[in-house]
Amino acid sequence: QVQLVESGGGLVQAGGSLRLSCTASGRTFSRYAMGWFRQAPGREREFVSVISWSGQSTDHADSVKGRFTISRDNGKNTLYLQMNSLKPEDTAVYYCAARRSFGTSRHDDDYDYWGQGTQVTVSS
């Protein structure tokens with residue numbers, strides 16, 4: 001069992017930056033691929049970024065490529081999402097998720113554990 005807790009969300013102006021964190025309980029964090037997803041009001045949850053267990057492989061949605069960076073610190077059981085050049089369309093609840101696999105996936109059905117989410121609001 002893995003418990004995930006996100007933090008770092010908030011209100012920011014367009015063009016600003018935020019760094020989200022996701023802290024995992026348990027001693028097996030390094031065995032999981034980790035992802036970030038988001039859900040805006042009235043929309044389906046969508047993939048944002050994913051990182052492999054080692055951190056050597058990452059993938060980002062086209063909508064955030066070049067602006068968002070995913071990283072992890074296995075020694076601290078923590079996942080990060082650095083978000084730069086934020087746009088109003090980035091406004092959503094952001095969720096971290098853990099996948100019992102070393103490999104990455106863009107599909108939320110492939111993830112086994114989810115956090116409660118953190119709100120990110122970008123004003124224009």
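Count residues from 1 along the sequence.
In this structure, F102 belongs to a hydrophobic cluster whose other members, linked by side-chain heavy atoms under 4.5 Å apart, are W53. By the 4.5 Å side-chain criterion applied to Ile, Leu, Val, Met, Phe, Trp and Tyr, V5 is assigned to no cluster and stands alone.
Looking at residues two or more places apart in sequence or on another chain, you find a ring pair (Phe, Tyr, Trp, His ring centres under 6.0 Å) between F37 and F47, Y111, W114. Under the salt bridge (Lys or Arg N to Asp or Glu O under 4.0 Å) criterion, D59 pairs with R106, not counting sequence neighbours. Take D112 and apply the salt bridge (Lys or Arg N to Asp or Glu O under 4.0 Å) test, not counting sequence neighbours, and it matches R100.
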**Request:** With side chain to side chain donor-acceptor pair (under 3.5 Å) as the test, would you mind laying out the steps for N74 and S30 before giving the verdict?
**Result:** CA-CA 6 Å; N74 287 344; S30 62; 4.9 Å; no

**Request:** Verify side-chain contact (heavy atoms from CB on, under 4.5 Å) between L20 and T118, making sure each step is shown before the conclusion.
**Result:** CA-CA 8 Å; L20 304 184; T118 185; 4.0 Å; yes

**Prompt:** Run the side-chain contact (heavy atoms from CB on, under 4.5 Å) check on V12 and T121 step by step: do they pass?
**Reply:** CA-CA 6 Å; V12 64; T121 303; over 6 Å; no

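A distance-only check finds a donor-acceptor pair linking the side chain of T78 to the backbone of K76 [under 3.5 Å].
At a threshold of 4.5 Å between non-hydrogen side-chain atoms, the residues F29 and R72 count as touching. Between T69 and L81 the shortest side-chain heavy-atom distance does not fall below 4.5 Å. S71 places none of its side-chain heavy atoms less than 4.5 Å from the side chain of Q82. Looking only at side-chain heavy atoms (C-beta outward), V50 and W36 stay at 4.5 Å or farther from each other. The side-chain heavy atoms of T91 and Q119, taken from C-beta on, include a pair separated by under 4.5 Å. Looking only at side-chain heavy atoms (C-beta outward), M83 and S17 stay at 4.5 Å or farther from each other. At a threshold of 4.5 Å between non-hydrogen side-chain atoms, the residues D73 and Y80 count as touching. In this structure, the side chains of R67 and D90 come closer than 4.5 Å at one or more pairs of heavy atoms.
Atom NE2 of residue H60 and atom CD1 of residue I70 lie 6.5 Å apart, to the nearest 0.5 angstrom. We find the CG-OG1 distance between L4 and T23 to be 9.0 Å, quoted to the nearest 0.5 Å. The distance from the CG atom of L11 to the OG atom of S123 is 5.0 Å, given to the nearest 0.5 Å. Residue M34 holds its CE atom at 9.5 Å from CG of N77, rounded to the nearest 0.5 Å. The OG atom of S52 sits 15.5 Å away from atom OH of Y32, with the distance rounded to the nearest 0.5 Å. Rounding to the nearest 0.5 angstrom, the gap separating the SG atom in C96 from the CD atom in Q116 is 10.0 Å.
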Please list every donor-acceptor pair under 3.5 Å in which a side-chain atom of residues 39-46 meets a protein atom from a residue at least two apart or in another chain.
from: Q39; atom 1: NE2; to: R43; atom 2: O; distance (Å): 3.1
from: R45; atom 1: NE; to: D108; atom 2: OD2; distance (Å): 3.3
from: R45; atom 1: NH2; to: D108; atom 2: OD2; distance (Å): 3.4
from: E46; atom 1: OE2; to: R38; atom 2: NE; distance (Å): 2.6
from: E46; atom 1: OE2; to: R38; atom 2: NH2; distance (Å): 3.1

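Residues A33 and G103 come closest through the heavy atom pair CB-O, 3.0 Å. Nearest heavy atom pair, residue S49 against residue V64, reads OG-CG2, 4.3 Å. In this structure, S105 and D110 approach most closely via the heavy-atom pair OG-OD2, 2.6 Å.
The cluster map of Ile, Leu, Val, Met, Phe, Trp and Tyr, joined by side-chain heavy atoms under 4.5 Å apart, puts L79 and V93 in different clusters. V2 and Y95 sit in two unconnected hydrophobic clusters of ILVMFWY residues. Membership requires side-chain heavy atoms under 4.5 Å apart, directly or through other members.
Between D62 and K65 there is a salt bridge, since at least one side-chain N of the basic residue sits less than 4.0 Å from a carboxylate O of the acidic one.
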